[in-house]
Structure formats: C-alpha cells, structure tokens
Amino acid sequence: QVQLVESGGGLVQAGGSLRLSCAASGRTFYTMGWFRQAPGKERQFVAAISWSGSSTDYVDSVKDRFTISRGIAKNTVYLQMNSLKPDDTAVYYCAAGSRRQIFIRAIYYYAGAYDYWGQGTQVTVSS
C-alpha cells in the first residue's frame with residue numbers, strides 16, 4: 001500500500017522557518033516534489049528533486065529561501081523553508097512519481113507527472 005505522509009507544517013511569523021517532511025512507503029519513487037495550494041487559488045508547483053537527489057528546481061518565488069532534499073533511503077523528502085512570507089501561506093502537498101522520467105521542467109512542473117500525493121500539511125505565515 002502506497003502512502004505519503006507529510007509533517008512539519010504549522011504557524012510561524014514572517015521571517016521564520018519551517019521544515020516539512022514527507023515519508024513515502026509502499027514502492028520505489030522517482031521524481032518527488034512539493035506543491036502548494038492557497039485558498040481560492042490553483043495548486044502550484046514549489047520544488048522538485050530527481051531520484052538521485054542531484055538535481056533540484058524551484059518556482060522563482062521560493063528560490064534562495066526554500067531547499068528540497070532527499071533522505072539517504074530516497075523515500076523521504078524534505079522542504080526546508082526559510083525567510084517565510086505571508087504569501088507562502090498554503091496547504092503543502094508532497095508528490096511522488098512512479099515512473100523513471102527525465103528530470104526536466106516540462107515534466108516535473110506539472111501535477112500530471114506525479115502518481116501519488118500526500119494529504120497535505122497547513123503552513124500559515126503571519127505578518
């Protein structure tokens with residue numbers, strides 16, 4: 001049974017930090033990513049990491065503030081979020097792909113590249 005379980009969300013003041021974790025189980029996962037959805041908005045790509053962990057990418061609005069990484073066992077992915085802003089407030093979702101695909105933005109940027117999703121974790125940044 002495939003499961004993706006996120007943790008680490010919460011309430012933080014602007015300028016603060018949070019670290020999200022996603023523990024995936026049940027099979028091998030290749031590209032993994034984080035998406036977020038704010039109230040009244042569409043789900044948005046945040047970051048992605050290749051199966052090896054050697055390649056990463058971010059949406060422009062979080063570059064230099066967020067860092068995605070992968071555990072040694074590769075089935076855990078983290079999102080370190082620093083210098084948080086109120087605009088970062090959203091439900092954050094972990095996503096995992098079951099197919100070995102080339103790591104290019106034309107693929108991992110879109111929700112359709114991922115086969116499994118976590119339940120989401122709320123991140124709220126107060127001003």
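Keep in mind it's a predicted model, so treat the numbers as computed, not measured.
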R99 NZ/CZ over Y30 ring centroid, <6.0 Å and within 45° of normal: no
Same apolar cluster: V59 and I104, side chain cutoff 4.5 Å: no
Pair Q13-V125, side-chain contact (heavy atoms from CB on, under 4.5 Å): steps then yes or no: CA-CA 5 Å; Q13 287 189 331; V125 184; over 6 Å; no
Heavy-atom pair of closest approach, residues S127 and P86: CB-CG, 3.9 Å
Smallest separation among heavy atoms of A38 and T89, with atom names: CB-O, 3.7 Å
Sole residue of Y109, Y92, W117, Y110 in side-chain contact (heavy atoms from CB on, under 4.5 Å) with F35: W117
Within-4.5 Å side-chain heavy-atom neighbours: T67 and L79: no
Y116 OH to S25 OG distance, which is reported to the nearest 0.5 Å: 11.0 Å
CD-CD distance between Q37 and E42, expressed to the nearest 0.5 angstrom: 8.5 Å
Y108: partners by ring pair (Phe, Tyr, Trp, His ring centres under 6.0 Å), with sequence neighbours left out: F45, F103
Cationic N near anionic O, under 4.0 Å, D60 to K63: yes
D115 and R27, any side-chain heavy atoms less than 4.5 Å apart: no
Within-4.5 Å side-chain heavy-atom neighbours: F66 and T56: no
Sub-4.5 Å side-chain heavy-atom contact between Y93 and L4: no
Check against side-chain contact (heavy atoms from CB on, under 4.5 Å), V91 and T121: CA-CA 5 Å; V91 177; T121 185; 6.0 Å; no
Working for side-chain contact (heavy atoms from CB on, under 4.5 Å), residues R70 and M32: CA-CA 9 Å; R70 202 153 183 165; M32 296 186 75; 3.4 Å; yes
Distance (rounded to the nearest 0.5 Å) between D57 CG and S50 OG: 11.0 Å
R19 to Y78, cation-pi by 6.0 Å centre distance and 45° axis angle: yes
Minimum heavy-atom distance G9-L20, with the two atoms named: N-CD2, 3.6 Å
CA sep, side-chain torsions, deciding dist, call: I49, K74, side-chain contact (heavy atoms from CB on, under 4.5 Å): CA-CA 10 Å; I49 188 165; K74 300 193 188 305; over 6 Å; no
Which atom of A24 lies closest to which atom of F29, heavy atoms considered: CB-CE1, 3.5 Å
Shortest non-hydrogen contact between V62 and V46, atoms and distance: CG2-O, 3.8 Å
Side chain to side chain, V123 and M81, heavy atoms closer than 4.5 Å: yes
Side-chain donor/acceptor of E6 to backbone N/O of Q119, under 3.5 Å: yes
Shared hydrophobic cluster for Y58 and L18 (ILVMFWY, side-chain gaps under 4.5 Å): yes
Minimum-distance pair of heavy atoms, taken over all atoms of D88 and R65: OD2-NH1, 2.8 Å
Close side-chain approach of I68 and V77, heavy atoms under 4.5 Å: yes
